[in-house]
Amino acid sequence: MPHDLPKSYEPGAIETRWADYWIKEKLFSVPTPPLGETRPVFTLLLPPPNVTGRLHMGHMLNQTQMDIIVRWHRMRGFITLWLPGTDHAGIATQMMVERDLAKEGKKRRDLGREKFIERVWEWKKLYGGAILDQMKRLGASVDWDREYFTMDENLSRAVREVFVRLYEEGLIYRGKYIVNWCPRCETAISDLEVKHEEVAGKLWEIRYPVIGASSEKLEFITVATTRPETMLGDTAIAVNAKDERYTHLHGKKVLLPLMNREIPIITDELAQPEFGTGAVKVTPAHDPNDFKAGQRHNLPQIDIMDEHAHMNQNAGAYAGLDRYEARKRILADLREQGFLVAEKDYALSLGKCDRCGTVVEPRLSEQWFIKIQPLARKAIEAVESGEITIVPENYKQIYLNWMNNIYDWCISRQLWWGHRIPAWTCDQCKHVIVAREEPLTCPKCGNTKLEQVSDVLDTWFSSGLLPFTTLGWPEKTRDQAVFYPTTLLITAYEILFFWVARMIMFGCHFMQGHEQDPAIKKASGWADKKNDSVPFRQVYIHALVRDADRQKMSKTKGNVIDPLEIIERFGTDATRFTLAAMAAPGTDIAFNESRTEGYRAFANKIWNAARFMFMNVDRLGFVWANSTRVGTGAFARPAQGEARPQGGTGIAAFTLSSLEDRWILSRFNRVTKEVNDALASYRFHEAANRIYDFFWGEFCDWYIELIKPRLNFEEGSDNSPARIACANLVNLFDASLRLLHPVMPFITEEIWQAMYEGNPPLKSIALAAYPQADENQFDLNAETEMAILQDLIVNVRNVRAELKVEPKAKVPIEVFVHEPEIRKMIERSLAAILSDRSANVEKVSFVDGSLAKQAGARSTARFDVHVIYEKKIDVVVERERLNKELEKLEKEFANNQRQLGNEQFLAKAPEKVVEGLRRRAQELIGLREKIKNQLRSLNGTGPDI
RNA sequence: GGGCGGUUAGCUCAGCUGGUUAGAGCGCCUGCCUUACAAGCAGGAGGUCGCAGGUUCGAGUCCUGCACUGCCCACCA
C-alpha cells in the first residue's frame, strides 16, 4: 500500500471501500460455536428497523452506540454476534403501499386481500432493503449472514406456535370490547399507539326531559359531553347514588332527544357529583367507561358508527354522515329544539392515531386480547430481582410503574399485512378453532367449511419474540444455548413499552427453564445470574437526538437532519464521533454541525499524523512487521479455548529512551484504562473525549513534536536513534488506532492497513486486540517531570507572546530553581526545550537568585524563568496582568488560610486534602511574593497608574 | 392530575460516588503559510455554576422550596 496519502483526509473515498470489504470478507459472521466452546460471548439484537424506514438520526445514534460496544467486545476476544433484521411493520407498510395504489386510483379492496399482499411483497423487495443499505454505510458490524425479516417462514411459524400455546394456556381470549379504533386505518390499535394531544374544545350541556315527573311542570336532567354525537347511542343516564339532588329521580326514565327513545336513570359510581351537573350520559358502545357501566347495569349497546366513523343506520336521521358533520347537525337540532343548555370552552386531550394522526374513536368490536397479568408478573420479577438491569437506572422505575398498571393487550389488527391469526371460524356453528395448521373439519359439528379469521397480529407481537425466535425457537438449538439470553439491548426510550417490555414478558414466559451453556455463561461474566429465561441481561436506554435548537425532529416541522447528508459532508467517522461524544447518558442530544465539523478536523489531524509517520517510515526504510513486535500476542485473535485475549496495551518493543517515551507510555496506559472503564459503563462521551484529548493534545501536540529532533538524522550518519524513535512512533500509533477503532472504524482501518503495506497480520484492525491498561506502566515520575518541562516551555511561549518577540527571533532564557533535583530534570530536557519551535530558545542558563524582579519573567512554584529580550514591555498591560494574577492568588490564599485555620476542617477532612492545601499554601506564599516583587520593579520602570 | 429530566463561558455541552485553582469544542481577539496538518500552530479574553434557604469543616455536586423549560404517563363526562 502506498504511503503517499493525500494531504487532506477525504472520507468519502475510503469509507465505502472498507464497508464493502468488511461485508465481502464476512468479518463479522459468527458460525454457531461448537460444544466445549469456552470463550465469552456477547450477543446483541439490532432493534429491527421498519422495512419502510429511512435512516434517521435516532437510528444513527442507536447504531453508533451498538457498533462501538460490539467492536469493543469483539476486539477483546468475545464471540460477538450482532444480529440484524427488519420488521414488517404492519400499519406503516400497508399505508405505503396503499398510498402507492392511490396513485393508480385504486384501493386495497379493489385488489382483494391476496393480490394486495402480493403487491406488498413486491414493494418490499424493491424498497425494503433501503435502510439496511444505509446501515452498511455506517459500518455497522453486524452478521449479515443471519439477517432476518419478521415475516420469514421460520419466524412466522414461531409466531403461530406462540399464539396457539398462549391460547391453550388460556392467556389469549377473544371478545367484544371497546378498543381504540382508527377510522382511517380501519383497524383497532393498542393504547400505546394512541398519542394524546391537548386541544381547545367545547363542553356541551344537554338536557333530557324526565318522563312522568310531574304533569304540570316539565323536569329536565342535564348532562355534559365533549362528543354530543354519541348521544344517539345513549342507553342510560347515570347519577351518583349519594347525590341528593337526584334522589327523587331514581328509577325514573328520560326521553332521549332526537331519538325519542326512553332510557333509564341509573345510579352508578361513574357519575361524580362534583363534576358538571353530576349527571352523565351513558353510551356503552362508544366510551370505555360507559362500556363498563353498561355491563354493570346490563344496558344495551347501541353502535351508531361504522368502521369509517360514519353514522350508521342506528343513528336514525343522521345515518351516513361523518362523525363531525353529524355533530354539527345534532347540535343545531338540539339547539333548535331547546335541549342545548350551554356551550363552554373546554381543554381536552384528544387521542390520535400514532401512525396517521386521525382522531381515534373508541369502538365496540370483536378483538383478540392477551391476558397480561401472568406475563407481567414474571417481567416485573425479572427486573426487580436485578436479573435484568436497566441503565440509566431511573428507567427501571418507569418500567415497573408501567408494568404494574398494565391492561390486557389488544393484539388483533384489521389489516391485511402481517401475521394472520391462526384461528378459523366454522361456517356453520360459528365455533372458533385455534390451531397450528389449518383444520379440515370443525371439531364441534364436523362441518368442513371453515374460514380463517381475517385479522392479523400487532406487529409488536412478533417483534417481541425475536430474542429467541431468531435463534431457532421453538426448536432447542445450539444457538440458543450459546447466545440466549442476549447480553445487551441498546434502544431508545420510545419503545421501552412497545418492545422492550414485551420481549421481557414473552422471553420470561416462553424461555422459562432455559439454561445458557454454563461454560460460556461463566466466561461471559454472568455466573451470578440465576434466570436464563430473560431475553437480555442488560438494557441501555439512549437519548433522543434533537435538532440544534433542542426541538424534537419531525417531518411536519421540517427540521429533520438527514444523517446521510451529514455523512456526505463530514464523513461517517466524524458523524459517529459526534454522536458518541455527545451521548452523555440521560440527556438528549442537540445535534449541531459545528461539533461534527470539529471531529472532521480531528480525523484530518489523525490523517496528517499518519502522513508524518509514513514520511519517516519511508525515509528510514522502516518495516512494521511481525518481527518488530515482541511477544505480547496482543495482536492475535485469541485462539480457541483461550478465555480472554492476552492483556497489555499491545505496545511491544517500545523503547524507553527518553522522558517523552516514558511519559507517553504512561499516559497511553492511563487513557486506555479510562476508555475501557468508560465503555464498560456506557459513558460513550467520556471514552470519545479521552481518546480525542490524548491523541491530539498529548500524542500530536507534545510527543510527536518532542521526537522530531531524534527523527531528523543527518544523511549518512548513524540513524539508529531515529529508527528507535520511529519504532516507538509506529508502535504507539498502532495501539492508538486500535483504541480508537470502535468509534472511528474507517479511518483507523485505512491507516492501519497502510501501516502493514498490504500485509497485515489480520484481515482487519477490527479483529486486532483492544488495548488493555498495564498499571505497571503508569509512571508518575515521568508525568511529573514532563509537567515541569511543559510548564517551562509554555511560560516561555507566554512571555514571548506578551513581549511581542518576532516568532523567528531566538531568545536566551535564564532559569532559577529552588531545588537541585528540578534543575537536573530541566537539564535533562535541554534538547527538548531548545527544539521547541514556539519557545524558540537560543540558550538556557541557570542563575542563583530569583528572577521575579525581572521584566519578562514568570514565576511558578518550582522555577522562575526569564526571557532575555531588549524590547520594552508594555508596562500598563503588564501591571494589569500582574495585578489580576495577584488578586486571584490573594483570593485563593485567603480561602486556603480560612480552611487551614478551621479546627473542624483539620479534624475531619481526609489527610490527603489537608496535606494538599498545606503544600498549596507554601506555593501561594512564594508566588505572591514573586508577583509583588515584579510589580515593585515594574513601578520603578514605568509610570504609576 | 401524576411522574421524570434540564438550567454551568456568547453558542453547544462535560464535570462519576461532595474535597485543593470549574473544563472542552465552536465563536471571538493577537501573532504565525515553523519541512504532518491553515480542517493547522502558539498565545489570550470570557463563568457570583437559574433563584432563595438548608445540611456539612467543605456544595456546581446532597436536601427543601421557587422560577423557567422539556419529556413521558393518565378512560374523569
**Request:** If rG10(B) has a Watson-Crick or G-U wobble mate with both distances under 3.5 Å, name it; if not, just say none.
**Result:** rC26(B)
**Item:** rG47(B): pairing nucleotide in any strand, Watson-Crick or G-U under 3.5 angstrom
**Value:** none
**Prompt:** Taking the six-membered ring for Trp, are Tyr177(A) and Phe369(A) parallel (under 30°), tilted (30 to 60°) or perpendicular (over 60°)?
**Reply:** perpendicular
**Fill in**
Contacts of His685(A) and Lys912(A) projected onto RNA chain B by closest heavy atom; the upstream (5') one is His685(A)
**Step-by-step side chain to side chain donor-acceptor pair (under 3.5 Å) determination, Arg898(A) to Asn895(A)** = CA-CA 5 Å; Arg898(A) 189 175 49 75; Asn895(A) 193 36; 2.4 Å; yes
**Paired nucleotide for rG19(B) [Watson-Crick or G-U wobble; both distances under 3.5 Å]** = rC57(B)
**Asked** Using the ring of each side chain (for Trp, its six-membered ring), is Phe733(A) parallel, tilted or perpendicular to Phe699(A), with breaks at 30° and 60°?
**Response** perpendicular
**Prompt:** Who pairs with Glu343(A) by salt bridge (Lys or Arg N to Asp or Glu O under 4.0 Å), at least two apart in sequence or on another chain?
**Reply:** Arg335(A)
**Prompt:** Counting side-chain heavy atoms from CB outward, which of rG43(B), rU21(B), rU12(B) is closest to Val794(A)?
**Reply:** rG43(B)
**Asked** If you measure from the P atom in rA42(B) to the same atom in rC26(B), how many Å do you get, rounded?
**Response** 12 Å
**Asked** Just wondering, do Ile178(A) and Arg363(A) contact through their side chains at under 4.5 Å, heavy atoms?
**Response** no
**Prompt:** How would nucleotides 2-10 of chain B be written as a contact map, 5' to 3', with B for base contact, S for sugar-phosphate-only contact and - for no contact, using protein heavy atoms under 4.0 Å?
**Reply:** --S-S----
**Message:** Which residues in residues 285-294 of chain A have a heavy atom closer than 4.0 Å to any atom of RNA chain B?
**Reply:** Asn289(A), Lys292(A)
**Prompt:** Are side-chain heavy atoms of Gln301(A) and Phe291(A) found at a separation under 4.5 Å?
**Reply:** yes
**Request:** Using a 4.0 Å cut-off on protein heavy atoms (strictly under), produce a 5'-to-3' string for nucleotides 31-40 of chain B with B for base contact, S for backbone-only sugar-phosphate contact, and - for none.
**Result:** S-SB-BBSBS
**Request:** Please confirm whether Tyr692(A) and Phe602(A) have ring centers closer than 6.0 angstrom.
**Result:** yes
**Prompt:** Are side-chain heavy atoms of His542(A) and Ile589(A) found at a separation under 4.5 Å?
**Reply:** no
**Prompt:** Can you tell me how far C1' of rA74(B) sits from CD of Glu193(A), to the nearest Å?
**Reply:** 18 Å
**Fill in**
Scanning all shown strands, the Watson-Crick or wobble mate of rC73(B) with both distances under 3.5 Å is rG1(B)
**Asked** Can you tell if the side chain of Leu340(A) reaches within under 4.5 Å of the side chain of Ile206(A), non-hydrogen atoms only?
**Response** yes
**Request:** Answer with yes or no whether Tyr407(A) presents, from its side chain, a donor or acceptor under 3.5 Å of a partner atom in the base of rC75(B).
**Result:** yes
**Message:** Here's one to test your reading of the geometry: is the NZ or CZ of Arg928(A) within 45 degrees of the ring axis of Phe893(A) and under 6.0 Å from its centre?
**Reply:** yes
**Request:** Write down the partner of rC32(B) under the Watson-Crick or G-U wobble criteria, each distance required to be under 3.5 Å.
**Result:** rG40(B)
**Asked** Which residues satisfy the salt bridge (Lys or Arg N to Asp or Glu O under 4.0 Å) test with Lys396(A), sequence neighbours excluded?
**Response** none
**Item:** Under 3.5 Å donor-acceptor pair, Gln899(A) side-chain atoms to rC57(B) base atoms
**Value:** no
Which atom pairs, one a donor and one an acceptor, fall under 3.5 Å between side chains of residues 900-917 of chain A and the rest of the protein, sequence neighbours left out?
| residue | atom | partner | partner atom | Å |
| --- | --- | --- | --- | --- |
| Asn902(A) | OD1 | Gln904(A) | N | 2.8 |
| Asn902(A) | OD1 | Phe905(A) | N | 3.3 |

**Message:** If you assign each of Asn902(A) and Ala279(A) to its closest nucleotide in RNA chain B, which residue comes earlier from the 5' end?
**Reply:** Asn902(A)
